[in-house]
Amino acid sequence: MTVVRIADARSALAGVVSPPAQISLTGVRKYFGSSGFVALDDITVDIPQGQFFVIVGPSGCGKTTLLRILAGLDAQSEGQVEVRQSNPARPTNSMIFQGDSLFPWMTVFDNAAYGLRMRKVREQAVADTVRLWLERIGLWRFRDRYPHQLSGGMKQRVSIVRAFANDPEILLMDEPFSALDEQNKLLLHEELLRIWEATKKTVVFITHSVDEAVTLGDRILVMTANPGRAKAIIDVPFERPRNVLELRHNPAYGELVFSIWEQLRDEVQRARLSAERNQP
């Protein structure tokens with residue numbers, strides 16, 4: 001299958017050289033059970049170190065399966081997955097899930113400290129690191145609260161703190177804002193971009209939202225309906241740091257969102273028809 005690549009012509013003309021790949025996928029396939037159901041088919045992509053890489057596609061196209069493979073929670077059936085670690089003292093990845101993934105019996109502080117404590121980090125270092133991150137994201141005064149005492153947006157901010165505080169080389173994010181209202185989603189986009197700009201971690205981010213993909217990403221992988229294949233890899237040309245509201249007033253932003261939706265629309269319709277045929 002030919003993958004459409006829509007690149008930023010300015011970067012090409014300027015001779016910009018990408019940093020080395022931190023994640024390399026070559027011919028990755030994933031199938032399940034004796035039926036041979038194919039979830040992913042021939043995924044090949046390199047993700048440079050420090051890039052914010054977004055995956056967008058219709059429901060059931062294998063996005064989460066791909067993320068689970070990158071996290072080491074599942075294994076590919078065929079192909080190669082290479083994740084390069086530059087510092088063995090740090091965890092390779094941390095994952096932020098869709099919806100609420102906090103431990104309900106732990107306080108905000110203890111949830112944020114969980115990864116560090118699992119790594120047996122000294123308690124004083126844990127306390128200093130967690131305080132730094134909770135203050136940075138405006139949650140220090142809520143450190144003794146429990147998840148049931150927090151709003152949905154606050155819970156996701158704690159999840160972000162927990163991931164960044166653990167200082168992984170790679171952040172894997174599976175539709176972390178999908179359950180939030182638009183106002184909270186906008187605020188968390190700004191929060192995430194601000195933190196990412198300060199850390200420049202490699203991020204692989206899954207979303208159904210084309211707007212979210214363009215707002216956050218450096219590059220976007222558009223996937224086909226099942227079986228999930230790479231349909232297009234799109235470079236996002238907007239400079240960083242980004243102001244979310246200003247970006248959305250840029251006519252080029254609307255043009256890029258429309259272009260990606262054109263790539264995605266047929267796949268969404270195909271996924272819908274397939275789901276309707278499989279209804280009992």
Inset, instruction - Would you check if Val56 and Glu212 make a side-chain contact, meaning some heavy-atom pair closer than 4.5 Å? - result: no

Inset, instruction - Check the hydrophobic clustering (I, L, V, M, F, W, Y; side-chain heavy atoms under 4.5 Å; chains of links allowed) and say if Leu188 and Val214 are grouped together. - result: yes

Inset, instruction - Consider only side-chain N and O atoms of Glu246 and Asn250, and report whether a donor and an acceptor are under 3.5 Å apart. - result: no

Inset, instruction - Verify the cluster assignment for Val210 and Tyr253: are they in a single hydrophobic cluster under the rule of side-chain heavy atoms below 4.5 Å apart? - result: yes

Inset, instruction - Starting at SG of Cys61, measure out to CZ of Arg229 and round the result to the nearest 0.5 Å. - result: 12.0 Å

Legend entry - Main-chain N/O of Leu40 paired with Arg29 side-chain donor or acceptor, under 3.5 Å: no

Inset, instruction - State the OG1-CG distance between Thr202 and Leu172, to the nearest 0.5 angstrom. - result: 10.0 Å

Legend entry - ILVMFWY cluster, Val130 and Trp105 together (side-chain gap under 4.5 Å): no

Inset, instruction - Locate the shortest heavy-atom distance separating Pro58 from Leu264; write the atom from each residue and the value. - result: CD-CD1, 3.9 Å

Inset, instruction - Taking the side chain as every heavy atom from C-beta outward, state whether Lys201 and Pro168 have any atom pair closer than 4.5 Å. - result: yes

Inset, instruction - Would you give the length of the straight line joining atom CG of Leu25 to atom CD1 of Ile47, rounded to the nearest 0.5 angstrom? - result: 6.0 Å

Inset, instruction - Evaluate side chain to side chain contact (heavy atoms under 4.5 Å, CB included) for Ser24 paired with Arg84, printing each intermediate quantity in order. - result: CA-CA 9 Å; Ser24 293; Arg84 297 169 180 85; 3.0 Å; yes

Inset, instruction - For the pair Arg248 and Asp211, evaluate salt bridge (Lys or Arg N to Asp or Glu O under 4.0 Å) and give the outcome as yes or no after the intermediate values. - result: CA-CA 9 Å; Arg248 293 186 178 186; Asp211 280 303; 5.1 Å; no

Legend entry - Cluster overlap Leu102 with Met118, hydrophobic side-chain contacts below 4.5 Å: no

Inset, instruction - Flag the pair Val268 / Trp261 as yes when at least one side-chain heavy-atom distance between them is below 4.5 Å, and no otherwise. - result: yes

Legend entry - Where Asp218 and Gly50 come nearest, the two heavy atoms and their spacing: OD2-O, 4.4 Å

Legend entry - Within-4.5 Å side-chain heavy-atom neighbours: Val108 and Val161: no

Inset, instruction - Mark yes or no for whether Glu169, through its side chain, and Ser86, through its backbone, hold a donor-acceptor pair below 3.5 Å. - result: yes

Inset, instruction - Report, as yes or no, whether the 6.0 Å neighbourhood of atom CZ on Arg272 holds more than 12 heavy atoms from other residues, nucleotides or ligands. - result: no

Legend entry - Under 3.5 Å donor-acceptor, Asn226 side chain and Val38 backbone: yes

Inset, instruction - Give a yes or no on whether the backbone of Pro237 and the side-chain of Asp235 come within a donor-acceptor separation of less than 3.5 Å. - result: no

Inset, instruction - Measure from the side-chain N and O atoms of Thr224 to the backbone N and O of Pro227, and report whether any donor-acceptor pair falls under 3.5 Å. - result: yes

Legend entry - Beyond-backbone contact of Pro176 with Phe205, side-chain heavy atoms, under 4.5 angstrom: yes

Legend entry - Minimum heavy-atom distance Arg119-Asn166, with the two atoms named: NH1-O, 2.7 Å

Inset, instruction - Taking Arg162 for its side chain and Ser94 for its backbone only, find out whether a donor-acceptor pair lies under 3.5 Å. - result: no

Inset, instruction - Evaluate the side chain to side chain contact (heavy atoms under 4.5 Å, CB included) criterion for residues Arg240 and Leu193: first the C-alpha distance (whole Å), next the side-chain angles of each, then the deciding distance (0.1 Å), finally the verdict. - result: CA-CA 9 Å; Arg240 295 188 185 274; Leu193 285 173; 3.4 Å; yes

Inset, instruction - Taking all non-hydrogen atoms of both residues into account, name the closest pair between Gly62 and Met223 and its distance. - result: C-CE, 4.4 Å

Legend entry - Shortest non-hydrogen separation from Ala230 to Leu221 and the atoms involved: CB-CD1, 3.5 Å

Inset, instruction - Mind listing the closest non-hydrogen atom pair of Gly153 and Leu180 along with its distance? - result: N-CD2, 3.7 Å

Legend entry - Atom pair CD (Glu191) and CG (Leu186), whose distance is rounded to the nearest 0.5 Å: 11.5 Å

Inset, instruction - To the nearest 0.5 angstrom, please state how far the CG atom of Leu116 sits from the CZ atom of Arg122. - result: 11.5 Å

Inset, instruction - Identify whether the distance between the nearest side-chain nitrogen and carboxylate oxygen of Asp174 and Lys63 falls below 4.0 Å. - result: no

Inset, instruction - Say whether Ile206 and Leu73 are linked into one hydrophobic cluster, either directly or through other cluster members, by side-chain heavy-atom distances under 4.5 angstrom. - result: yes

Inset, instruction - Quick one: pull up CE in Met173 and OG1 in Thr207 and give me the separation to the nearest 0.5 Å. - result: 10.5 Å

Inset, instruction - Determine whether Phe53 and Ile23 make a side-chain contact, defined as any pair of heavy atoms from C-beta on separated by less than 4.5 Å. - result: no

Legend entry - Pairwise side-chain contact, His208 with Ser59, heavy-atom cut-off 4.5 Å (strictly under): yes

Inset, instruction - Just say parallel, tilted or perpendicular for the rings of Phe52 and Trp196, cut-offs at 30° and 60°. - result: perpendicular

Legend entry - Any donor-acceptor pair under 3.5 Å from Arg157 side chain to Ile137 backbone: yes

Inset, instruction - Please list all pairs passing the ring-ring contact (aromatic ring centres under 6.0 Å, His included) test where one or both residues lie in residues 134-166, with sequence neighbours left out. - result: Trp133-Phe164

Legend entry - Side-chain heavy-atom pair Val236, Arg242 within 4.5 angstrom cut-off: yes

Inset, instruction - Answer yes or no: is there a donor N or O on one side and an acceptor on the other, between the side chain of Glu267 and the main chain of Ala225, under 3.5 Å? - result: yes

Legend entry - Backbone N/O of Ile170 and side chain of Asn93: donor-acceptor pair under 3.5 Å: no

Legend entry - Check: Thr129 side chain, Ala165 main-chain N or O, donor-acceptor pair, under 3.5 Å: no

Inset, instruction - Kindly indicate, with the supporting measurements, whether the criterion side chain to side chain contact (heavy atoms under 4.5 Å, CB included) is fulfilled by Leu171 and Ile160. - result: CA-CA 10 Å; Leu171 276 173; Ile160 291 171; over 6 Å; no

Legend entry - Arg194 with Glu197: basic N within carboxylate O range, under 4.0 Å: no

